[in-house]
Amino acid sequence: MKKLRYAVVIPAVAGTMLAGFTPAFAGPEAAGQQPLNSTNIPAKYADQKLDWHKCTASELPSAPPPGAENIECATYRAPRNWYKTNEAIDLTIAVSRLAATSGNATASVITNPGGPGAPGRNFPARLRNQTKLRANQEIIGLDPRGTGKSTNITCGNAIGTGSDLDPRDRSRANLNLILDATKYAADSCQVKSGELGPLINTAQTIRDIDLLRVLLGRDKINWVGYSAGTWMGAHYAQQFPTRTGRFLLDSSTEFTTTWQNSFDGQPLGFERRWRQDFLPWMGKYDKVYGFGKNGEAARQTYEKVRFALTQNPVEVDGVPVSANALDSTIASYLYSKRNFPALADYLVNLKTLTEGTSSQQQKASAAQKVKAETVDGDGVIGPQPLFVPSDGDSYNASFWSIPCNEGKWTGTRQSVIRQSQKLIDRDLPLLGAGWLIQPCIFWKNKPVDLPKLDGRGVPPVLIVQSVHDPATPIEGATRAHRAFANSRMITVTGEGDHGIYAGGNVGVDKVVEDYLVDGKVPNDQSLPGLPLPVPAGA
């Protein structure tokens with residue numbers, strides 16, 4: 001789940017399972033118990049044929065990696081409004097698939113990379129090396145309505161207005177400027193997205209997915225959803241329990257409450273990951289980085305760099321790097337431990353750029369390194385998920401529209417200022433200072449009332465959660481698990497990555513695939529995470 005302010009592969013044997021399995025349950029192969037189209041999908045939509053063909057370069061945002069070269073693409077039509085299908089206004093939904101390696105898929109697993117609203121047509125590539133899963137299951141990706149190669153919405157590129165304003169500057173004038181910029185962007189989203197904007201929501205999207213199920217010819221679907229994809233998967237399962245096969249909810253939102261409550265855990269989650277995982281790691285390798293001999297010393301150096309940026313933002317290739325941009329970049333690196341060395345290098349180079357003692361040659365070299373630095377996203381979802389198209393702002397627009405369109409969002413200009421101040425006072429400034437940037441308090445459209453989820457009547461679903469996940473903190477995932485009947489939860493200890501399955505943890509992958517492939521429902525259990533990386537030169 002992306003942080004609201006804006007818009008991993010380390011092989012190791014993770015250990016043995018700490019608990020046994022409950023009996024297997026009937027999976028998606030148990031077809032024929034009900035008509036394929038039992039959910040009243042009009043024939044003009046249900047009778048479509050998916051024209052699968054090898055994806056062209058123009059259909060994907062980037063070239064697929066080795067092992068996914070043969071990914072196929074198709075599109076289908078869905079009604080703009082599932083509750084007013086007689087309007088005869090259609091949307092295009094773009095989908096993809098990686099075929100089963102056996103050549104005969106007996107099941108379909110639909111994937112979602114989160115966001116909310118992130119496009120996922122290229123996302124099946126994340127599962128390209130999952131041999132057991134792919135043997136007899138086709139891996140399906142889709143760009144949800146509003147994003148990617150599906151019918152788009154837009155905010156007119158207004159999101160990001162005022163993003164260089166520092167929320168730690170608590171002067172009333174500065175805070176009002178930030179709120180004015182947020183309101184401007186929220187208003188622009190609603191104007192520019194027109195009549196489609198309010199229909200970019202979970203209730204509509206899960207019906208698009210159920211239509212896809214029919215077009216795939218599946219009595220039931222399997223699901224691998226990461227981050228905000230756990231929200232979508234849980235809502236589909238509650239709405240269509242008899243169509244729910246084996247659902248994996250990885251790095252879980254608190255889907256049993258509101259978006260607002262679920263997002264409100266992020267300041268704690270990111271600060272914990274920053275202070276308890278990354279900074280002590282950087283301090284441990286002070287001989288490599290020279291940033292501080294322990295976590296607190298490294299944090300103090302960061303504070304000096306940040307303060308220097310508030311006084312005089314540095315420019316990299318003509319683009320200023322502000323203190324706020326620094327914090328946002330830090331957060332984007334914290335999703336995966338694989339990015340820790342890159343984040344450390346980024347901080348070291350910014351330190352060089354802000355120090356008066358650095359030579360021009362040193363600063364020129366540091367600027368080039370900052371420019372070249374990118375977050376390694378190998379399928380792990382974060383503020384800038386892998387495979388997001390570079391053209392347009394449809395993902396940012398969807399990311400704001402979905403939570404603002406769903407359920408009540410409480411707050412005023414005064415209350416969000418107070419809330420952000422309390423987070424600063426709790427020593428959670430990394431995200432907490434900017435927690436007044438809440439576009440949904442300015443949303444004018446009447447929100448959709450989503451049903452409260454309790455899991456009753458839903459087959460067993462499996463939650464996988466790391467204890468230091470920054471974007472979907474374990475506290476919220478645990479509450480969702482307790483409130484969602486018949487769910488199971490694997491707690492990954494000594495771990496903070498966001499996105500665990502297919503990320504190199506062999507122990508977790510075994511339990512997950514015993515469930516996804518063989519239908520073995522695990523008991524609640526804890527499994528160990530993977531070690532933090534060792535930087536070059538250590």
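For this chain, numbers begin at 1 and follow the sequence in order.
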**Q.** Exam field: side chain Asn405 to backbone Leu199, donor-acceptor pair closer than 3.5 Å
**A.** no
Q) Are the side chain of Glu406 and the backbone of Thr202 linked by a donor-acceptor contact shorter than 3.5 Å? A) yes
With ring centroids as reference points, do [X] and [Y] lie under 6.0 angstrom apart?
X      : Y      : value
Tyr226 : Phe123 : yes
Phe255 : Phe484 : yes
Tyr289 : Trp281 : yes

Q) What pair of heavy atoms forms the shortest contact from Asp393 to Gly156, and how long is it? A) OD2-N, 3.4 Å
Q: Mind checking side chain to side chain contact (heavy atoms under 4.5 Å, CB included) for Thr147 and listing every partner two or more places apart, or none if nothing turns up?
A: Pro119, Asp143, Pro144, Ser394, Ser398
Q. Which of these passes side chain to side chain contact (heavy atoms under 4.5 Å, CB included) with Val321: Leu350, Thr354, Asp164?
A. Leu350
Q. In terms of side-chain heavy atoms, does Trp231 have a donor or acceptor partner in Glu254 at a distance below 3.5 Å?
A.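 On atom types as modelled, these side chains do not qualify, holding no pair under 3.5 Å.
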Q: Determine, step by step, whether Phe278 and Leu334 satisfy the side chain to side chain contact (heavy atoms under 4.5 Å, CB included) criterion, reporting the C-alpha distance in whole Å, the side-chain angles of both residues, the deciding distance to 0.1 Å, and the verdict.
A: CA-CA 8 Å; Phe278 175 77; Leu334 294 176; 3.9 Å; yes
Q | Residues in side chain to side chain donor-acceptor pair (under 3.5 Å) contact with Thr258, at least two apart in sequence or another chain | A |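 Partners of Thr258 by the side chain to side chain donor-acceptor pair (under 3.5 Å) criterion, ordered by chain and then number, come out as Asn261.
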Q | Test side chain to side chain donor-acceptor pair (under 3.5 Å) applied to Trp82 - qualifying residues, sequence neighbours left out | A | Asp208
Q: Please work out which of the three classes, parallel, tilted or perpendicular, describes the rings of Phe270 and Tyr335, given edges at 30° and 60°.
A: perpendicular
